[in-house]
Amino acid sequence: MKLVIAEKNIAAQKIAQLLADGKPKTDKVYNTQVYRFTVQGEDWVSMGLAGHILAPDFPDEVLFDKKQGWYSVTEDGEVLPADVPDGLARPPYDTKRKPFLANGINIKGWKVESLPYLTWAPIIKKPAEKEIIRVLKNLAKKADHVIIATDFDREGELIGSDALNCVREVAPDVPTSRARYSALIKGEVTAAFDNLVSLDQDLADAGESRQYIDLIWGAVLTRYLTLARFGGFGNVRSAGRVQTPTLALVVERERERMAFVPEDYWQIRGVGAAQGQPETAFKMSHATARFTDRAAAETAFSHVDGATTGTITAVSKRSRKQQPPTPFNTTSLQAAAAAEGVSPARTMRIAESLYMAGFISYPRVDNTVYPRTLDIAGIVDGLSSNSPALRPVCQKVLSGPMKPTRGKTETTDHPPIHPTGQGDPETLDGGQKKLYMLIARRFLATLMGPATIENTKLSIDVSGEPFTASGDVLVDAGFREAYPYGLKRDEQLPPLAEGDAIDVSDIKLEAKQTEPPARYSQGRLVQEMEKRGLGTKSTRASIIERLYQVRYLKNDPIEPSQLGMAIVDALHEFAPRITTPEMTSELEDDMTHVAAGADTQEHVVEHSRALLAGMLDTLIAHKDDLGEAIADAVTADAKVGTCPKCGKDLVMKTSAKTRGSFIGCMGWPECDVTYPVPSGVKVSPIEGEGAVCPECGAPRIKCQPFRQKAYEVCVNPKCPTNFEPDLVVGECRVCAEAGRHGELVAHKSERSGKRFIRCTNYDECGVSYPLPARGKLEATGEVCEHCGAPVVVVQTARGPWRICVNMDCPDKEKKPARGRGARGAAKGGSAKGGTRKSAAKPGAKKTAAKKTTK
DNA sequence: GCAAGGTC
């Protein structure tokens, strides 16, 4: 039997289909899919790995103790690194000499001083995909030939090499070879299997060098930053070859913004309209778009101030064409989705699910050119029958020339991201459907003609001053019919001709200031990373997400936290190599040399280790400074306002006793001011105006609920601005049935700020309902027709909203909440799965409550 | 409790 090892399941399946006599059979080994087929009567089996199946790591016994973590303590209380086995450490840091322990290091200092050990510690490959390895070994034992058919790139060669090492453990003598194909199409794959070669160990070594160097630098610097001032578990301060330069980009942009000196300028703007037709109003502005001289602006304005008429002096029309977009690859999909409010990381999670469900093609690609083999018409046809919303435009595309656009990057491994045309989009959830429609519409747009936009420019004379007005009208939608994303609204101008008089009103002189360079959006940052060679299509999204997770970044557009800036500053000073994209480009050069056999993995890795070791003395010497800088930055990030009592900072704190968070004064214990933290929201300070509550003097804070609009409130729950009198909303049915009288009353908890309805006889009946966190409540006196619970009206930003307060109401069961942002269940508060008692069945508290939460 | 790279 011949065993074919591919990098991923889809490749294993494709290869089987392309090589098989007849149809391959899908089989399972343990729980993993494999494909069995015959080639000229011979039995073959193909399996997909899941990318890298081994992960480089330090051996457990080196600098890692299962109980102590990154350090360990000896029996006599001395803090030491976990033992380094003899012969593992390398010069110049010899384990036996322990040079860094010579001058009596205190316990707090120890952890960082141990880093030299780590720099030279050995690295082993640990199994990362145990199930896959099990299947691989199982099949390898039965194989008489093993063919590595992983992707044709450096990582693919490494993945193949790792797989081969696993195979060798159980089948040391089985012949092995390598199939190199650069496209999963018949000609390529059959040619590759007809011309088998052997695995390129140099190329695999090059990839492995990358793994080692990334781990060494990442682990040493991450441990250094984390331990310089240990902030407790969950407070890792990470660093890495890709993440740190990426963070530095954001910090650099923020610094540019801070250094930016705004310049004053003035604009004169007004409103024009065809004579006597106010409904044709359009915006117009002075021909000098920006006056940098105030006096000149005021002089010009004095001529037109209060003007009511103007004259058209010229009309010019120009039409321009907007070319249809190029096919999506990973980066352009991430950028387009980010513009629609979906982060790159979420985009990739959703894309993966769409791919797995058969709705779209493989989502990790650089390619932006459809291969000739792609059945474009077939896909459009499929879209047409499965997506009624797209049917008209699909029919239009089918009747047109269907000449697809091409992007700049052409590779042959996978086609650009496109819909398969299969599957019913109605079965998708909100996020999936949104992304699917973006991908489907983009695909259609790439097959359509340009959009034609007609621009009209009016030159207007108002009391001797020149004004202009401009309007864009889409005269031929072209691809825009399929792809409305990022489309500007038409600015229609009335039909006017030279010499026409117009009405003019509202002419104003506006003082403005130039804006600093804009912050990166997540989409822009992904593109910038690509431009600078940072990360790959598969990693950029998750690396940005990681920077948010370690709280170096916040908000979108992206801002660095104080912590993020402190980290970049420190590394820039003491380990500058890790902060720039050059480390990646130099690594690329090294890998090229290793792959070409001009250098060795050992040499390249040792050289990188030595560079890092050269920085360690300085890093360690400045450990305390850095620790302090990090602590200060963390405090600054935690600030939510100023203490009304003593003027010190109010910060987010964690209670040592309950582990819960609260807002407390930095002046503690002298000052005892504390506030509760509003639950379920991200809290941030308000700068400048509105920072202090005019009612009570406590700080006002910005609250950002998950995927909902942010709002500002006073932190003080006892403040009159937060106070709402208790409201009777109805009568308790449970009590009524029991022959008691109970009233249902809406309360707001002073401690948590949560709102809920509770029966006045709660101790006996246990009736309580959660309420939406915000919005003025009104009682209706009505009860729900489905469950008998009271109905209330909540005033929301979108207007009044009538709800039955019972989250377990059968009416809600019929339309279960989908995802977190769904109306109804989420607004009522049940999506968070809080504890509450069921009103319908007071006895069975938990069972009933569960249903609507998931 | 570390990175970045694959992919599930």
Side-chain angles (χ1 to χ4, degrees), chain A residues 6-12 31-33 48-58 62-71 111 114-115 118-119 121 123 125-126 128-132 150-151 153-163 204 206-227 230-247 330 348-349 351-353 355-357 362-365 413-414 529 533-547 549-550 578 583-584 587-588 591 608 612:
Chain A
E7 187 158 322
K8 44 191 166 274
N9 181 50
I10 185 197
N31 256 324
T32 301
Q33 287 211 337
L49 304 174
H52 297 276
I53 55 172
L54 302 181
D57 204 352
F58 303 108
V62 176
L63 284 167
F64 187 85
D65 181 280
K66 284 225 168 87
K67 279 186 198 145
Q68 299 289 338
W70 287 345
Y71 62 93
K111 300 167 190 171
S114 72
L115 290 170
L118 194 64
T119 313
I123 294 176
K125 290 279 199 93
K126 292 180 179 169
E129 296 287 343
K130 295 213 172 90
E131 266 310 297
I132 300 272
T150 47
D151 293 358
D153 54 28
R154 191 169 51 218
E155 295 296 331
E157 210 72 8
L158 171 59
I159 290 164
S161 166
D162 286 346
E208 205 172 51
S209 313
R210 197 249 342 124
Q211 285 189 321
Y212 290 165
I213 290 169
D214 280 341
L215 175 64
I216 293 161
W217 282 74
V220 168
L221 292 175
T222 299
R223 289 188 192 187
Y224 168 77
L225 294 169
T226 304
L227 300 176
F230 187 52
F233 296 109
N235 288 288
V236 170
R237 320 287 183 210
S238 66
R241 173 176 59 83
V242 178
Q243 64 167 261
T244 306
T246 303
L247 173 63
T330 303
M348 293 317 284
R349 279 191 291 272
E352 182 68 29
S353 73
Y355 159 65
M356 282 299 163
Y362 189 70
R364 285 177 288 270
V365 291
D413 44 359
H414 299 282
M529 289 172 78
L534 292 171
T536 72
K537 57 187 182 295
S538 315
T539 59
R540 289 182 196 116
S542 64
I543 281 167
I544 294 174
E545 195 171 55
R546 172 81 184 147
L547 291 171
Q549 198 198 340
V550 295
I578 197 75
M583 182 165 172
T584 295
L587 180 65
E588 287 290 338
M591 287 193 291
S608 187
L612 177 61

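Residue numbers start from 1 in every chain, and the chains themselves are labelled A, B, ... in the order their sequence lines are given, proteins ahead of strands.
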Between A/Arg223 and A/Leu118, is any pair of side-chain heavy atoms under 4.5 Å apart? yes

Set of residues satisfying ring-ring contact (aromatic ring centres under 6.0 Å, His included) with respect to A/His414, sequence neighbours excluded: A/Tyr362

Please determine, for the side chain of A/Glu129, which listed nucleotide (B/dG1, B/dG5, B/dC8) has the closest atom? B/dC8

OP1 or OP2 of B/dT7 under 4.0 Å from side-chain N/O of A/Arg364: yes

Answer whether the closest heavy-atom distance between the side chains of A/Ile578 and A/Leu221 falls below 4.5 Å. yes

Between P on B/dC8 and CE on A/Met348, what's the gap in Å once rounded to a whole number? 12 Å

Closer to the 5' end of DNA chain B via nearest nucleotide, is it A/Val220 or A/Glu155? A/Val220

With a 4.5 Å limit on heavy-atom distance, are the side chains of A/Ile123 and A/Asp57 in contact? no

Can you check the A/Met356 CE to B/dC8 C1' distance for me, whole Å? 6 Å

Taking any heavy-atom pair under 4.0 Å as a contact, classify A/Asn235: base, sugar-phosphate, or nothing. nothing

Give A/Gly218 one of three labels, base, sugar-phosphate or nothing, depending on what nucleic acid heavy atoms sit under 4.0 Å from its own. sugar-phosphate

Atom NZ of A/Lys130 to atom P of B/dT7: distance rounded to whole Å? 21 Å

Taking only the side-chain heavy atoms of A/Leu227 (C-beta and beyond), determine which of B/dG1, B/dA4, B/dC8 contains the nearest atom. B/dG1

In whole Å, I'd like the distance from the CG atom of A/Asp162 to the C1' atom of B/dT7. 14 Å

Between the side chains of A/His52 and A/Glu155, does any donor sit under 3.5 Å from an acceptor? yes

Distance-only donor-acceptor test (3.5 Å): side chain A/Asp57, base B/dC2: yes

Taking only the side-chain nitrogens and oxygens of A/Thr226, find out if one of them lies under 4.0 Å from OP1 or OP2 of B/dC2. no

Grab the CD1-C1' distance between A/Ile216 and B/dA4 for me, whole Å please. 13 Å

For A/Thr536, give me all partners under side-chain contact (heavy atoms from CB on, under 4.5 Å), at least two apart in sequence or on another chain. A/Ser538, A/Thr539

Under 4.0 Å, counting only non-hydrogen atoms across every strand here, what does A/Tyr362 touch: a base, just sugar-phosphate, or nothing? sugar-phosphate

Quick one: do A/Ile213 and A/Met583 satisfy side-chain contact (heavy atoms from CB on, under 4.5 Å)? Show the steps, please. CA-CA 10 Å; A/Ile213 290 169; A/Met583 182 165 172; 4.0 Å; yes

Using every non-hydrogen atom in the two residues, find where A/Leu587 and A/Arg210 come nearest and quote the distance to one decimal. CD2-CG, 3.6 Å

Would you kindly give the CD1-to-C1' distance between A/Ile159 and B/dC8, to the nearest whole Å? 14 Å

Nearest to the side chain of A/Lys8, which nucleotide is it out of B/dT7, B/dG6, B/dC2? B/dT7

B/dA3 phosphate, OP1 or OP2: any side-chain N/O from A/Gln211 under 4.0 angstrom? no

Looking only at side-chain atoms of A/Phe230, point me to the closest of B/dG1, B/dA3, B/dG6. B/dG1

Under 4.0 Å between a side-chain N or O of A/Ser238 and OP1 or OP2 of B/dA3? yes

What residues in residues 537-547 of chain A put a non-hydrogen atom under 4.0 Å from any atom of DNA chain B? A/Ser538, A/Thr539, A/Ile543, A/Arg546

If you only use heavy atoms from C-beta on, which nucleotide in B/dC8, B/dA3, B/dG5 is closest to the side chain of A/Val242? B/dG5

CG of A/Leu221 versus C1' of B/dA4: gap in Å, rounded? 14 Å

Between NE2 of A/His52 and P of B/dT7 the distance, given in whole Å, is 8 Å

Within the structure shown, what part of the strands sits under 4.0 Å from A/Gly207 by heavy-atom distance: base, sugar-phosphate, or nothing? nothing

Would you mind classifying the nucleic acid contact of A/Ala55 as base, sugar-phosphate or nothing, using non-hydrogen atoms under 4.0 angstrom? nothing

Remember a base hit wins even if backbone is also touched, and classify A/Glu7 as base, sugar-phosphate or nothing at under 4.0 Å, heavy atoms. sugar-phosphate

Ignoring hydrogens and angles, state whether a donor on the side chain of A/Arg241 or A/Thr584 is under 3.5 Å from an acceptor on the partner side chain. yes

